[in-house]
Amino acid sequence: MAEKSCNLLITGANRGLGLEMVKQLAEKPIPNRKIFACCRDPSAPKAQSLQELAKKHPGVIHVIRLDVNDLSSIQESAKKVGSIVGKDGLNLLVNNAAMATYDNTETAKLKDLQDTFNTNVVGTMMVTKEFLPYLREGAKSSGKAGMSCCKAAVINISTILASISQAPEIISLFPVLALSYRISKAGLNMMTVCQAQEFKEDGILFALLHPGWVRTDMGGPDVSITVQSCAYQSTTLHQVI
Ligand SMILES: NC(=O)c1ccc[n+]([C@@H]2O[C@H](COP(=O)([O-])OP(=O)(O)OC[C@H]3O[C@@H](n4cnc5c(N)ncnc54)[C@H](OP(=O)(O)O)[C@@H]3O)[C@@H](O)[C@H]2O)c1
């Protein structure tokens, strides 16, 4: 009998951590998996690396258009993924797409605040909402007990900068910059904790991950952790899958 499929979806997969997660997951010997690598403009030059990677893994990486700020694009992507996974459903959704602005109370602009909140919280919530039916299918059809990323899970990529319990320590290390980003990720944290309770009975795991300070467009160039060595990659996702 063919081995059960493992279907994964990652948002913001055309660069940074998202692209590297797709690459490392595609190279892993997980039988029968499909990786839905989502980005807002698959035909744009900024998606070229992802398109090249997809060509190296035909039938494994599916590049899907998904702009987390555009509900119709989220709904269309969900329909498309649903039609490919069928009754196997979706096993892992990684909400990775995000944006950051570098502001504080005095420099913050209304539009930046709204865009950051819309992308990091509202968009992420709508993605989870639209893919829920397929996550439920994934949980049901997995035949696995307990909770895991092989069954059905939503991993929301957050940041230690949004930790309230560690705020005094973190703020002394990283002064208040990226305030809009921190506030939005704190919202994401609360959303995740609530969703973990809301979908417990469905057997869907909800988790938050801080990937470390990583050298990407967002993390900046003067950082020692590369995307390849990112602790998140090596110590969490790879082992739980
Ligand atoms: N790098 C770090 O040090 C660090 C630290 C803590 C947490 N994180 C978190 O890790 C995750 C990945 O960060 P990164 O460093 O890889 O960031 P990045 O290099 O800036 O990449 C961000 C990704 O999100 C996508 N994105 C932004 N807005 C989008 C939208 N509306 N719809 C769909 N995709 C959208 C971008 O696509 P486009 O190319 O289309 O813009 C890009 O693929 C984020 O959640 C971030 O908050 C990063």
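Each residue takes its place number in the sequence, starting with 1. Both backbone and side-chain heavy atoms feed into the values below; hydrogens, waters and symmetry mates do not. Just so you know, ligand 1 is whichever comes first in the structure, and atom 1 is the first atom listed for that ligand.
Close contacts between ligand 1 and Gly16 involve ligand atoms 16 (O), 19 (O) [criterion: under 4.0 Å to a heavy atom]. Interface atoms of ligand 1 facing Trp213, defined by a heavy-atom separation under 4.0 Å, are 3 (O). Heavy-atom proximity to Thr159, at under 4.0 Å, picks out these atoms of ligand 1: 6 (C), 7 (C). For ligand 1, the atoms lying closer than 4.0 Å to a non-hydrogen atom of Asn69 are 31 (N). Ligand 1 places these atoms under 4.0 Å from at least one heavy atom of Thr216: 1 (N), 14 (P), 15 (O), 16 (O), 19 (O). Atoms of ligand 1 found under 4.0 Å from any heavy atom of Asp217 (numbered from 1 in listed order, with element): 19 (O).
Polar contact check, Leu17 against ligand 1: a nitrogen or oxygen pair lies under 3.5 Å apart. Below 3.5 Å of separation, one finds no N or O of Ala97 facing any N or O of ligand 1. Inclusion of Asn95 in the set of residues having an N or O under 3.5 Å from an N or O of ligand 1 is not warranted.
Scanning all protein heavy atoms for the shortest distance to atom 32 (N) of ligand 1 gives Val68 N, 3.0 Å. Annotation: atom 43 (O) of ligand 1 to nearest protein heavy atom, Asn14 OD1, 2.7 Å. Here the heavy atom of the protein found nearest to atom 48 (C) of ligand 1 is Pro211 CG, 4.0 Å. Regarding atom 47 (O) of ligand 1, its nearest protein heavy-atom neighbour is Tyr181 OH, 2.5 Å. Atom 9 (C) of ligand 1 has its closest protein heavy atom at Ile157 CG2, 3.5 Å. In terms of protein heavy-atom proximity, atom 3 (O) of ligand 1 is nearest to Val214 N, 2.7 Å. Nearest protein heavy-atom neighbour of atom 33 (C) of ligand 1: Leu66 O, 3.5 Å. For atom 25 (C) of ligand 1, the closest non-hydrogen atom on the protein side is Gly12 CA, 3.8 Å.
Heavy atoms of Gly212 come nearer than 4.0 angstrom to ligand 1 in at least one pair. A heavy-atom separation below 4.0 Å is not found between Thr11 and ligand 1. By the 4.0 Å heavy-atom criterion, Cys39 is excluded from the residues contacting ligand 1. Residue Arg15 places a heavy atom less than 4.0 Å from ligand 1. The closest approach between any non-hydrogen atom of Lys185 and ligand 1 is below 4.0 Å. Contact annotation: Ala100 has no heavy atom less than 4.0 Å from any atom of ligand 1. Heavy-atom separations between Asp70 and ligand 1 are all 4.0 Å or longer.
Proximity of a side-chain donor or acceptor of Ser163 to a complementary backbone N or O of Ile160 within less than 3.5 Å is not detected. Of the possible polar contacts, none joining the Lys140 side chain to the Asp88 backbone as a donor-acceptor pair under 3.5 Å is found.
Atom CD1 of Ile164 sits in a sparse spot, with 12 or fewer heavy atoms from other residues, nucleotides or ligands closer than 6.0 Å. Around the CD atom of Glu27, the shell of radius 6.0 Å holds more than 12 heavy atoms that belong to other residues, nucleotides or ligands. By the 6.0 Å contact criterion, CE on Met99 is enclosed, its count of non-hydrogen atoms from other residues, nucleotides or ligands being greater than 12.
A salt bridge between Asp217 and Arg15 is present, with a side-chain N of the basic residue lying under 4.0 Å from a carboxylate O of the acidic one.
Atom CD1 of Ile183 and atom OG1 of Thr105 lie 7.0 Å apart (nearest 0.5 Å).
Of the listed residues (Thr116, Asp67, Thr124, Asn96), the one carrying the non-hydrogen atom nearest atom 44 (C) of ligand 1 is Asn96. When Arg40, Met218, Arg65, Met99 are checked for heavy-atom proximity to atom 28 (N) of ligand 1, Arg40 turns out nearest.
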